[in-house]
Amino acid sequence: MDRAEIAPGILVTNDRCLIFRDQRTLVIGDLHLGYEKALEEDGVYLPRLNTGSVRIALNNLICKYEPERIVLLGDIKHDFRRAKYEGRDEVRAIVSLVTEAAEAVIVRGNHDNYIQNIIADMDLEAVDHYDIAGYRLEHGHEDSGHRPVVIGHEHPSVRIPGAVGGGVKLQCFLHMKKEGIIVIPPFSPLSTGTDLLPVAAGDFMSPACRTADVSAADVYAVSEMGLLPLGRLGEVSEIRV
């Protein structure tokens, strides 16, 4: 399957986006545009793949779901510092793609220093959170305390061991139903994600997750075979491929 309804009108998808169906709203997070340029300044060189891949994937989402609204849930840019021309151009190119197709909502993440300067002449204002259908959408590096909440920031993934060694690492969605917390995976193809196994709430980056029963979180993994419901996070380590 390519999507699952985890709450009334709330869908998680194998396209690494969350959908508010009745509001025709897509939510993606952690694009980390300018990632390669930031690494180059530290002496690490990678092919320039991230922005082009994000553009293709985003175009596919727009064609597939025809949203009225797209929420960029923080960490749109990668470099904490003021974006140089190349980084600015990458951010503006992706934001322009969004605004040409739908209403754009820009939620600030912890990497998004100076994001308002970058989009100031695009008639957009970066916000700390956005409320829709009773949910609060915020990046997740800080916790407003509002529930239910949808966050990014965590870059969640799980590693499924192989029966005779090896295994596979999969980005995933987390749904902590009791606490009302949904965590979405990164949209950047260069982020393999943060392995959440073994499960320990204190290892999570997001304050909201550190106070939740993360072992009881429902896991929906993104894979080449489609969206995989893997059960509870505390039981994923028992799965073998």
Side-chain angles (χ1 to χ4, degrees), residues 4 6-7 10-14 16-18 27-32 35 38 71-80 107-113 127-132 134-161 167-223 227-239:
I6 62 172
I10 310 298
L11 290 84
V12 295
T13 79
N14 203 51
R16 291 171 293 147
C17 74
L18 179 140
V27 184
I28 60 174
D30 295 287
L31 281 66
H32 289 277
Y35 179 71
V71 180
L72 303 183
L73 199 61
D75 283 4
I76 299 154
K77 58 190 284 286
H78 180 74
D79 198 333
F80 288 97
V107 176
R108 261 186 299 263
N110 55 303
H111 281 250
D112 291 324
N113 300 338
V127 297
D128 292 325
H129 64 262
Y130 181 74
D131 294 333
I132 182 172
Y135 284 76
R136 174 152 293 178
L137 312 184
E138 58 191 24
H139 180 61
H141 61 298
E142 296 179 348
D143 183 10
S144 68
H146 189 283
R147 301 292 186 271
V149 65
V150 177
I151 63 173
H153 186 57
E154 201 64 53
H155 296 207
S157 72
V158 291
R159 184 177 296 279
I160 310 299
V168 62
K169 186 177 182 181
L170 302 173
Q171 293 179 340
C172 61
F173 294 85
L174 300 178
H175 185 202
M176 294 160 234
K177 289 185 286 190
K178 183 174 67 174
E179 292 88 354
I181 301 170
I182 300 172
V183 187
I184 66 174
F187 201 67
S188 167
L190 296 183
S191 174
T192 59
T194 303
D195 191 0
L196 303 178
L197 302 175
V199 182
D203 294 337
F204 279 68
M205 298 186 295
S206 308
C209 293
R210 291 196 206 115
T211 59
D213 181 7
V214 292
S215 65
D218 290 329
V219 179
Y220 298 85
V222 174
S223 81
L227 191 69
L228 303 177
L230 298 181
R232 294 189 172 189
L233 182 60
E235 300 167 353
V236 170
S237 60
E238 300 173 8
I239 300 173

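Residues take their numbers from the sequence shown, with the count starting at 1.
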Item to complete: Heavy atoms only: give me the nearest Gly152-Leu73 pair and the separation to one decimal.
Response: N-CD2, 3.8 Å

Worksheet entry | Exercise: identify the closest heavy-atom pair between Val199 and Gly234 | CG2-CA, 4.1 Å

Practice prompt. Determine yes or no for a side-chain-to-main-chain donor-acceptor pair under 3.5 angstrom, with Ser157 supplying the side chain and Thr194 the backbone.
Written response: yes

Worksheet item: Are Lys169 and Asp195 within salt-bridge range, i.e. N to O under 4.0 Å?
Response: no

Practice prompt. Check Asp30 against His155 and note the closest heavy-atom contact, atom names and distance.
Written response: OD1-NE2, 3.1 Å

Discussion item. Tell me every residue that passes salt bridge (Lys or Arg N to Asp or Glu O under 4.0 Å) with Arg147, counting only those two or more places apart in sequence or in another chain.
Written reply: Asp143

Discussion item. Quick check: closest heavy atoms across Ser144 and Arg136, and the distance to 0.1 Å?
Written reply: OG-CD, 3.2 Å

Fill in: Non-neighbouring partners of Asp203 that pass salt bridge (Lys or Arg N to Asp or Glu O under 4.0 Å), sequence neighbours left out
none

Worksheet item: Hey, are the side chains of Leu174 and Val214 touching, using non-hydrogen atoms and a 4.5 Å cut-off?
Response: no

Practice prompt. Give the minimum heavy-atom separation between Ser215 and Arg232, together with the two atoms involved.
Written response: O-CB, 3.7 Å

Worksheet item: Judged by atom type as modelled, is there a donor-acceptor pair below 3.5 Å linking the side chain of Arg210 to the main-chain atoms of Met205?
Response: yes

Worksheet item: Hey, does the side chain of Asp128 reach the backbone of Arg108 with a donor-acceptor pair shorter than 3.5 angstrom?
Response: no

Discussion item. Tell me the closest heavy-atom pair linking Leu31 and Ile76, and the distance in Å.
Written reply: CB-O, 3.9 Å

Worksheet item: For the side chain of Glu154 and the backbone of Phe204, is there at least one donor-acceptor N/O pair under 3.5 Å apart?
Response: no

Worksheet item: Would Arg16 count as a cation-pi partner of Phe187, with NZ or CZ less than 6.0 Å from the six-membered ring centre and within 45° of the ring normal?
Response: yes

Discussion item. Strictly below 4.0 Å, N to O, side chains only: are Lys77 and Asp112 in salt-bridge contact?
Written reply: no

